[in-house]
Amino acid sequence: MSDDSHLPIEVLRHSAAHLMAHAVLDLYPGTKTGIGPAVETGFYYDFLRDEPFTPEDLEKIEARMKEIARENVPIERLVLAKDEAVRMFEGLGQPLKVELIRENGDASVTVYRQGPFADFCLGPHVASTGLLQNLKLLSVSGAYWKGDERGAQMQRIYGAVFPTGKELDDHLKLLEEAKKRDHRRLGAELDLFSTNEELGGGLILWHPKGARVRAIIEQHWRERHWAGGYDILFTPHIGRATLWQTSGHLGFYKDSMYSPMDIDDQPYYLKPMNCPFHIEIYKSRMRLGTVYRYERSGTLHGLLRVRGFTQDDAHIICTPGQIEDEILRVLDFSVSILADFGFTDNKIELSVRDPKNPGKYCGADELWCRAEASLVKALETRGYPYERMEGEAVFYGPKIDIKIKDAIGRHWQCTTIQFDFNMSERFDMTYVGEDGKEHRPYMVHRALLGSLERFFGVLVEHYNGSFPLWLAPVQVMILPIAERHEDYARALETRLREGGLRTGVDLSREKVGKKIRGAELQKVPLILVVGDKEVESGSASLRVPGQGDKGAVDVARFLEKAQELDRLKSLVVNF
RNA sequence: GCCAGCGUAGCUCAGCAGGUAGAGCGGCUGAUUUGUAAUCAGCGGGUCAGGGGUUCGAAUCCCUUCGCUGGCUCCA
C-alpha cells in the first residue's frame with residue numbers, strides 16, 4: 001500500500017505485529033513464531049520460546065522495533081508456490097509457519113518480507129516500517145497454540161500502534177483512566193464491597209454502602225417489573241439431583257456445578273440456574289435468584305466473574321401465536337430499564353444457528369425459524385441496528401444479546417433474550433390449544449441486568465464511582481464548620497432523612513476544607529456546608545462536586561429539589 | 001485449569017547479592033474552632049499470605065497451599 005494517510009488502522013496494527021516478530025527474532029534467534037493478528041485494541045504476536053519474556057525484554061523489543069521503524073525497511077509482498085513457501089520457512093527454522101502454510105495455504109501463497117524477516121500472510125501491509133513509529137508494547141501473557149488448551153503454551157505479547165504520537169498518548173491515557181476507575185479499586189476506596197481470602201475466591205461481601213446501592217437497584221428493578229406485569233418468585237438454593245437430571249444440567253454442565261451434598265441419602269445440588277425451579281411453577285414469570293457455579297480459578301475477576309451471583313432472569317412461556325408480541329415487549333422493557341441506569345448506547349447482537357452444522361442443535365427446524373423470525377421482527381419493528389452472529393446461538397435456541405456502552409466506550413454484555421427448546425422438551429411442557437389438543441409452548445429465558453454483581457461492577461466503572469443522585473449510597477453530606485454548628489447540622493440531617501434523602505453529617509473536628517475533600521473523595525453528589533451565616537438564616541451552603549460552590553440555598557427548596565431529582569432518577573445534578 | 005507475575009501496617013508502597021522491618025496517607029490522643037479539595041504535634045499499628053525446607057540466621061533462597069493480577073481456555 002502506498003497511500004499512507006488513509007490506511008485502515010488494522011493494517012497498521014497487523015504490520016506492527018510483523019515488526020514485533022522481526023524484532024523478537026533479531027534479539028532472540030531461535031524463537032518460533034505463531035500467529036500475529038490485529039485485534040480491536042492493537043495487535044499481538046504469539047511466540048514459542050523456553051525462556052519467559054520479562055518486562056525488561058519487552059522494553060528491549062520495543063526499542064528494537066522503533067529502531068527498525070526508523071530504518072524504514074521496505075515491506076515486500078511475494079507470491080510463492082505452496083511448496084516453495086514451505087521450503088522457505090523450513091529454511092528459516094519456523095516449523096509453526098510451515099504447519100500453517102500446509103493447513104491453510106492455497107496452491108500459491110503470499111509472503112510478506114521485511115529485511116531478514118518473512119511471514120506467511122494475506123496482508124495487506126504498510127509499504128515500509130517507517131510508518132510504525134508510534135507504538136508501545138503493553139503486556140505479555142500465555143496463550144495456547146491454535147487456541148487449544150492441550151496445545152503448546154505460547155507467549156503472547158500485546159501492543160498498541162497509532163498513526164500519530166498524539167493518538168498513542170491518548171490511548172495510553174485511556175488505559176490509565178480505565179485502571180483508575182477499575183471497580184475493584186473503587187470498591188475498596190468507596191467501601192462498597194470486598195472479597196476475602198478466608199472466604200474463598202469469587203465470593204462477594206457487600207459492605208453497607210455497596211449493599212445500599214444494590215438494594216436501590218433491586219428496588220427499582222422490582223417496581224418496574226411489577227408495573228410491567230411480571231410476577232416475582234422465591235425459590236430454594238438447592239434441589240435434588242433428579243431435578244438437574246431432568247433439566248439436563250447434570251448432563252451438560254456437571255463440571256461447572258459444585259459437588260452434591262447428601263440429604264437423607266439423596267444427592268442435592270446447589271443451583272447453577274434458576275430455570276428448573278421456575279418451570280416447576282410454570283406460569284410464573286420472573287425472579288432474582290442467586291446461583292452458584294464453579295468457575296475455574298484463573299477466570300475470576302472482581303465482580304465481573306464470580307462463583308456465586310444473582311441473576312435477574314425471567315422466563316416467558318407462551319404460545320407460538322403470542323411469541324412476536326412477547327419478544328417485542330421484553331426487548332422494549334429491557335432497553336427502557338437499561339436507559340434508567342444511563343445506558344442508552346447499546347450494541348445488539350442476534351445469535352443464530354451455524355448453517356454449516358445443523359446437527360448440534362436441539363429443537364425442530366420449524367421452531368428455530370419461527371423463533372428467529374420473531375427476534376428479527378422485534379429488532380426491525382424498533383429499527384434497532386444489530387449484528388447477525390452466525391453460529392453463535394446456544395445449542396438450545398437463538399438469542400438476542402444487548403451490550404451496553406460505558407462512559408469510556410467499552411462494551412459490556414448485559415441483557416440476553418434466549419429461546420430454549422431444550423427445557424420445554426425435557427420437562428415436557430404443554431398447553432392446551434383452541435383445538436383442545438396439547439401443544440409445546442415456547443420458553444424464553446431473559447436476563448436483563450444479567451448478574452447483579454456484574455452489573456453493579458459495570459455501573460461503578462461507568463460512573464467512575466460518582467453515582468447519580470438516585471443511586472448514590474450517601475446523597476447528601478452535611479459539613480458543620482465549627483463545633484457550635486453541630487446541633488444545627490444534626491437537625492438538618494434529621495430533616496433531610498425524614499424527607500427520604502440518604503444523608504450523613506461529618507462531625508470530625510477538622511477544617512472545612514478537609515471535610516470537603518473527604519466528601520469529594522467519597523463522591524457524594526450533594527455537599528452542604530453550614531456555619532454561622534447558615535444557622536442564622538436557616539439555610540445551607542450547597543456544593544456540587546464538579547460544579548463547585550453554589551452558594552446559599554433555602555433548606556425547604558433544597559429538600560424539594562433533591563427529592564425531585566431522586567424521584568425522576570436524574571442522571572445529572574442540576575440545581 | 002494453563003503460562004507469566006505478584007502477596008510486607010487499614011490503604012499505597014520501600015526494604016530483597018540472607019543479619020532480625022520502614023515511609024506517606026488513614027487511625028487514635030492532644031492543641032487548634034476552623035468558610036469550599038489535606039492545621040500542627042504526639043502515639044499506636046506488621047507471627048513480612050499460610051505451611052514446609054535450606055541456613056548459625058529467611059520478608060529476602062527453594063518447595064508447596066491459598067489468594068490476587070495480566071492474558072489463554074471456558075462462561076448454560
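Numbered from 1 within each chain, the chains take letters A, B, ... in sequence-line order. Since the structure is predicted, the reported quantities are computational estimates derived from the model, not experimental observations.
A/Arg156 comes within 4.0 angstrom of the backbone, heavy atoms only, and of no base. Residue-level contact check: A/Thr195 touches neither bases nor backbone, having no heavy atom under 4.0 Å from any strand. When heavy atoms are screened at a 4.0 angstrom cut-off, A/Gly513 is found touching the sugar-phosphate backbone but no base atom. Heavy atoms of A/Gly202 sit under 4.0 angstrom from primed sugar atoms or phosphate atoms, though from no base atom. Backbone-only contact: A/Arg184 has heavy atoms under 4.0 Å from sugar-phosphate atoms and none from a base. Counting any heavy atom pair closer than 4.0 Å across all strands shown, A/Gln418 reaches sugar-phosphate atoms only and no base atom. Within the nucleic acid shown, A/His445 has no heavy atom closer than 4.0 Å to any nucleic acid atom. In this structure, A/Tyr253 reaches the bases: a heavy-atom distance under 4.0 Å links it to at least one base atom across the strands shown. In this structure, A/Pro55 reaches neither bases nor backbone, as no heavy-atom distance under 4.0 Å exists between it and the strands shown. Looking at heavy-atom distances under 4.0 Å, A/Phe53 makes no contact with the nucleic acid at all. A/Tyr44 comes within contact range of no nucleotide atom at all, as no heavy-atom separation falls under 4.0 Å. When heavy atoms are screened at a 4.0 angstrom cut-off, A/Gly201 is found touching the sugar-phosphate backbone but no base atom.
Summarising the geometry, the separation between CG on A/Asn196 and P on B/G10 is reported as 14 Å, rounded to the nearest angstrom. If you measure from atom CD of A/Glu392 to atom C1' of B/C74, you get 14 Å, rounded to the nearest angstrom. Between the CG atom of A/Leu303 and the P atom of B/C68 there is a distance of 12 Å, given to the nearest Å. Atom CE of A/Met154 and atom C1' of B/C2 are 14 Å apart (whole Å). The nearest whole Å value for the distance from the CD atom in A/Gln155 to the C1' atom in B/C3 is 8 Å. Between the CG atom of A/Leu521 and the P atom of B/A38 there is a distance of 10 Å, rounded to whole Å. The interatomic distance linking A/Arg509 (CZ) with B/U29 (P) rounds to 11 Å, in whole Å. Distance, A/Trp145 CH2 to B/C3 C1': 17 Å, rounded to whole Å.
Checked by atom type, the side-chain pair A/Ser466/A/Asn464 shows no donor-acceptor distance below 3.5 Å. At a cut-off of 3.5 Å, with distance as the only test, no side-chain donor of A/His445 or A/Thr416 sits close to an acceptor on the other residue.
When the nucleotides B/U73, B/U33, B/U39 are ranked by their closest atom to the side chain of A/Glu149, B/U73 comes out on top. Checking B/U33, B/G35, B/G1 against the side-chain heavy atoms of A/Lys533 singles out B/G35 as nearest. Closest contact between the side chain of A/Ser541 and the listed nucleotides B/U36, B/U33, B/G35 involves B/U36. Residue A/Lys511 has its side chain nearest to B/U34 when only B/A76, B/C72, B/U34 are considered. Closest to the A/Glu520 side chain, of the nucleotides B/C72, B/A37, B/G35, is B/A37. Distances from the side chain of A/Arg517 to the nucleotides B/U34, B/G70, B/A37 place B/A37 closest. Each of B/G71, B/U33, B/G1 was ranked by its minimum atom distance to the side chain of A/Ser141; first place goes to B/G71. Distances from the side chain of A/Val512 to the nucleotides B/U36, B/G70, B/A76 place B/U36 closest. Picking from B/A76, B/G70, B/A38 the nucleotide with the shortest atom distance to the side chain of A/Val394 gives B/A76. Of the candidate nucleotides B/U34, B/C68, B/A76, B/C68 has the atom lying nearest to any side-chain atom of A/Leu300.
A/Arg410 has no carboxylate O lying under 4.0 Å from a charged side-chain N of A/Glu40, or vice versa, which leaves the two without a salt bridge. Under 4.0 Å is where a charged nitrogen must lie from a carboxylate oxygen, and between A/Glu520 and A/Arg543 at least one such pair does. A salt bridge is defined here as a Lys NZ or Arg NE, NH1 or NH2 lying under 4.0 Å from an Asp or Glu carboxylate O, and A/Glu483 with A/Arg509 meets this definition. Between A/Glu177 and A/Arg181 there is a salt bridge, since at least one side-chain N of the basic residue sits less than 4.0 Å from a carboxylate O of the acidic one. A salt bridge is absent between A/Lys403 and A/Glu387: the closest approach of a Lys/Arg side-chain nitrogen to an acidic carboxylate oxygen does not fall below 4.0 angstrom.
Nearest-nucleotide mapping onto RNA chain B: of A/Pro52 and A/Asp182, the residue sitting toward the 5' end is A/Pro52. Residue order along RNA chain B, read from the 5' end via each residue's closest nucleotide, puts A/Glu483 first among A/Met273 and A/Glu483.
You'll find a donor-acceptor pair under 3.5 Å spanning the side chain of A/Arg296 and the base of B/U73, going by distance alone. Counting atom types as modelled, A/Glu534 pairs a side-chain N or O with a base atom of B/G35 as donor and acceptor under 3.5 Å. Side chain A/Tyr144 to base B/G71: no donor-acceptor pair is found below 3.5 Å. In the interface, the side chain of A/Arg305 is paired with the base of B/C75 through a donor and an acceptor atom under 3.5 Å apart.
Aromatic pair A/Tyr28/A/Phe47: ring centres not closer than 6.0 Å. Ring to ring, A/Trp368 and A/Tyr442 are not that close: their centroids are 6.0 angstrom or more apart.
A gap of 33 Å separates the C1' atoms of B/C48 and B/G30, to the nearest Å. Across the P atoms, B/U8 and B/G51 are found 16 Å apart, a figure rounded to whole Å. Taking the P atoms as reference points, B/G44 lies 24 Å from B/G50, given to the whole Å. A distance of about 13 Å separates the C1' atoms of B/G18 and B/C62, rounded to the whole Å. Rounded to a whole angstrom, the distance from the C1' atom of B/G27 to that of B/G19 is 33 Å. Comparing B/G70 with B/U34, their C1' atoms sit 47 Å apart, to the nearest whole Å. For the C1' atom pair drawn from B/U65 and B/G22, the interatomic distance equals 29 Å after rounding to whole Å. Remark: the separation of the P atoms in B/A14 and B/C74 is 36 Å, to the nearest Å.
Searching all strands for a Watson-Crick or G-U wobble partner of B/G27 with both distances below 3.5 Å returns B/C43. When both pairing distances are held under 3.5 Å, B/G19 makes a Watson-Crick or G-U pair with B/C56.
Applying the 4.0 Å criterion to OP1 and OP2 of B/U34, one finds that A/Arg484 has a side-chain N or O inside that range. Within the 4.0 Å cut-off from OP1 or OP2 of B/G26, at least one side-chain nitrogen or oxygen of A/Lys514 is found. Within the 4.0 Å cut-off from OP1 or OP2 of B/U34, not a single side-chain nitrogen or oxygen of A/His485 is found. A sub-4.0 Å separation between OP1 or OP2 of B/C72 and a side-chain N or O of A/Tyr158 is present.
Side-chain atoms of A/Arg307 come within 3.5 Å of backbone atoms of A/Glu295 as a donor-acceptor pair (strictly under, hydrogens ignored).
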